[in-house]
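Okay, structure first, notes after.
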Amino acid sequence: MTRFWYLLFLLLPLAATAQTAPERYPLIPYPASLTPATGTFTITKNTQLALPKDSKRFAQEAEQLQNLLRNGVGASLKTAKKPAANGIELRYDASITAPEGYKLTITPQQVTLAAKEPAGMFRAVQTVRQLLPPTVEKAGKSVPLTLPAVQIQDQPAYSWRGMHLDVSRHFFDVAYLKKYMDLLALYKFNKLHLHLTDDQGWRLEIKKYPKLTEVGAWRTFNNQDSACIKKSKDNPDFALEPKHLRQRNGQTEYGGFYTQDDMRGIISYAAARHIEVIPEIDMPGHMMAAIRAYPFLTCNGKNDWGKLFSTPICPCNETTYEFVENVLTEVAALFPSPYVHIGADEVDKTSWSTTACTELMQKEGIKDVNGLQSYFVRRVERFLQSKGKKMIGWDDMLEGGIDASATVMYWRSWVKDAPAKAIRNGNPLIMTPVSTLYFDNLPDKNSVEKVYNFDVVPADLDPATAQKAILGAQANLWTEQVPSENRADYMVMPRMTALAEVVWTNKTQYASYLSRLRQHYPRLAQLNVHYRVPDLAGFSEESVFTDKTSLQVEKPLDNLILRYTTDGSTPTPTSPVLPAALPITEPTTVKLVAFTPEGLRGDTYTIRYKQQPYAAPVSAKSPAPGLTATYFTGYFKKSALMQEAKANGSTTVTSVQVPKQAEADQFGVQFRGYLDVPETGIYTFYLTCDDGGTLRLADRMVVDNDGLHSAIEKTGQVALAKGLHPIALDFVEGGGGYTLLLKYSKDGSEPREIPASWLKH
Ligand code: ACM
């Protein structure tokens, strides 16, 4: 017995990996290497802070650490020339060669943060910050500060760890950008990509072209604004920020821009946090705001919308290049980043048919309008190179051909071979696929895990070559439907913490990450982040009962207060608190909202209870395995529209998956047959689709996830007696890549795949 316990004791430190340590070390991203240790270090007013001999080296990081600790101990720590017993030391360590690498050693006697570069020291300070209580985030909260003993050796997996913000569709001011960068810093991101210009607004002062901001930074409300204003009736986060409205000539105008001085302030705030700001000036498309100010920029004098995209600037006129070069000269001088992003995405080239275009094509031997785009991109790249800059563009620019020196930002998930094509062409790559890393896609209960499971290097690429070409990954927040700061917070947080761990640590384990994430909410609350309250669980929004049931909700955070209504109204902070089990004895609609102690409200859940008998099974003579999949090519906004279309073909599938022959840019599939359920019960189905889908079983609508949208999971229940039940699953894809996933659960089991043996036709 004694020997057994002794052995267990010896094994403990080895077992204390990411799975067992999350409570004590709630770090996101998790360090590359962490060795737990016992005991704590206590910081008091008398703790001394020692700097390296060359005290300027980490002066900024020392100040940042002081600012943090001052909130806890009420005063700055005294600085010392030499490390003191019971002190904190910032140590220069030339042996730490990884960029942004650092070592952190905490014992009950001493804290040592070691780095070679200030960037590494900054990341070390952020690690210390996350080990301190959340109250250090605010001044005036004097609590004992303790740090758990530990040994950390850390460096990032990827050099490009980015977040993007579209400040064109809605403007976000300097103060908000600072808040955004504070979050980037906390989670060890190092790139902020600002989408500064687009059809809806030009946001950067260009001295040579003042009308870009005088005219281009302001608009009367467009249809996206109207949609947001409409939604704000139900959700105040959709209201436009009043501070970005102004009155001009009797009209309300909406917008804003950064002066070059503002931008210098943003850049220096970023630099102090070792974040690089990458400007994007999107061209030749997405240029309506500039064209509104300077109409000479187009080929045909028009400034309107084509089938999908707006009129671009004209690649055939020298006046265009003069403008572009003048703008980029100012941009290149303003931003210290080695990169300038020129967009080069989504160009409607139909206006590129003037005499000037024909002449240019003849002169340069250009075959078609894609060649004109390529000519434009190459010429702009050469100009940027003359200013000492590297060019980034979206992967659309691969189409007409680009030089190997261009950096490609991959976003079009549906163009699966684009990364391989870029790598073959020699281009460095940054991964931002729309399917996972577009944070304008509405978050749901699966989106954090989806981001966490994202592989920076796609599985179908040769790992050695891809690892060299891929600089890292970035999430993008396009803001057509994100008009407010609160909404922006909600869309990025907590998803960006999952990405932080993907790009810094190359992941650990999702369960460990989730447990650490739970401990981050109080810190986010201290930082006034309007995060998305994590999802409630334990119920289906379309619920079914045969006799009676009860609603029992699982809370992801203990301190959430759940309030509900049954009269159809949206719960308010004064609605009744949900009991541990709410009895349901008749068809009822329950609306449910979680509130945090700070007053943040979670999403509204509507749980509809339907009473139904177990559906009786049907009989079928020796049904064959699998389902019939009938497929259609075309654009269907709703799955019912397939009924009026002519099918392309039909096949048998052994799982609910789109057959290869059905795949097209826009298509639909009708799956038909029987589901052979092995026992009587209430079944829950989980249907994730991009775009739309509906699931009917036993002629009952079970999940309605129809319409055009990104990958969203919806659930529904149905009471089924053992045996065969007709199944009808309709699925439509409207363009941009599809997702279709059907799972089930019964009696509270984890969602699982539908066994192939259940599918018959
Ligand atoms: C993009 O989303 N158009 C890059």
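This is a predicted model, so every value here is computed, not measured. Indexing begins at 1, ligand by ligand and atom by atom, following the structure's order.
- For K349 and D368, the salt-bridge test fails: no basic side-chain N is under 4.0 Å from an acidic carboxylate O.
- Among protein residues, D345, E346, W394, W411, Y438, W478 come within 4.0 Å of ligand 1, judged on heavy atoms.
- In summary, E205 and K207 engage in a salt bridge, as defined by a charged side-chain N under 4.0 Å from a carboxylate O.
- Between K208 and E325, none of the side-chain N atoms (NZ, or NE/NH1/NH2) sits under 4.0 Å from a carboxylate O, so this pair counts as no salt bridge.
- Cation-pi geometry between R273 and Y269 is met: the NZ or CZ atom falls under 6.0 Å from the ring centre, inside 45° of the normal.
- Ring centroids of F171 and Y254 are separated by 6.0 Å or more, keeping the two rings apart.
- We find that K660 and E663 are joined by a salt bridge, their nearest charged nitrogen and carboxylate oxygen being less than 4.0 Å apart.
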